[in-house]
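Comments concern the structure below.
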Amino acid sequence: MTIVESALRGTYGRVWLEGEEIGILKHINLNVTPNYEDVIVGFTVDRQAVSIKYSGELSFEAVNSISSELCSKYIENTNLRFTIECNLQDPAADGQEEGYTINGVTFDEFPLANWKKGSLIEKTFKFRASDIVVLDSIQ
């Protein structure tokens, strides 16, 4: 039986880029988009999946100046691929943790500077990926 106290909240999330912790997770949105082609079966048009695309958006409270490092790396090599690791721990999950490794990451956009006086520095990265591995899931 599900009770309201068991509803998962996005608390205690952390995010790493290339093994280095870069922030306290605000939100992550991972998407899987199937790509279909039409298949004619008799007189009916159906469809069949031929590929999938992974994309997402990651927002976090920064703990270092990762954006300036990324910018320098992109100038040196515009075909860089990264790995993002993220996890979610929630007290309502009875100590369980959910985690993902996102491989082959290319960034569509990331902020170089996003500062506001008296505020935590929050950064949002939009990305595409070639593979997503579920490390742990909350049951």
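Computed over heavy atoms, backbone and side chain alike; hydrogens, waters and symmetry mates excluded.
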Spacing of Leu17 atom CG and Ile102 atom CD1 [to the nearest 0.5 Å]: 10.0 Å

Cluster check Val32, Phe127: I/L/V/M/F/W/Y, side chain < 4.5 angstrom: yes

Hydrophobic cluster (4.5 angstrom, side-chain heavy atoms) - remaining members for Ile40: Val45

Cluster link Phe125 to Ile132, ILVMFWY, side chain under 4.5 Å: yes

CD1 on Ile24 to CD on Glu61, rounded to 0.5 Å: 5.5 Å

For residues 46-58, please give each side-chain donor-acceptor pair under 3.5 Å, one per line with the distance, not counting sequence neighbours.
from, atom 1, to, atom 2, distance (Å)
Ser51, OG, Asn35, ND2, 3.3
Glu57, OE2, His27, NE2, 3.1

Which pairs of donor and acceptor atoms, one on a side chain in residues 70-84, lie under 3.5 Å apart (sequence neighbours left out)?
from, atom 1, to, atom 2, distance (Å)
Ser72, OG, Ser68, O, 3.2
Tyr74, OH, Phe107, N, 3.2
Asn77, OD1, Asn79, N, 3.0
Asn79, OD1, Arg81, NH2, 3.3

Cys86 side, atom SG; Leu25 side, atom CG - distance, nearest 0.5 Å: 6.5 Å

For Val41, the rest of its hydrophobic cluster, which grows through side-chain links under 4.5 angstrom: Val39

Residues clustering with Leu112 (ILVMFWY side chains joined when closer than 4.5 Å, directly or via others): none

Listed partners of Glu122 passing salt bridge (Lys or Arg N to Asp or Glu O under 4.0 Å), at least two apart: Lys26

Remaining members of the apolar cluster that contains Ile121, side-chain heavy atoms under 4.5 Å: Trp115

Straight-line distance of Lys126 NZ to Thr106 OG1, nearest 0.5 Å: 14.0 Å

Test side-chain hydrogen bond (donor to acceptor under 3.5 Å, both in side chains) applied to Asp131 - qualifying residues, sequence neighbours left out: Asn103

Closest approach of Ser130 to Gly104 (non-hydrogen atoms, all atoms of both residues): OG-CA, 3.4 Å

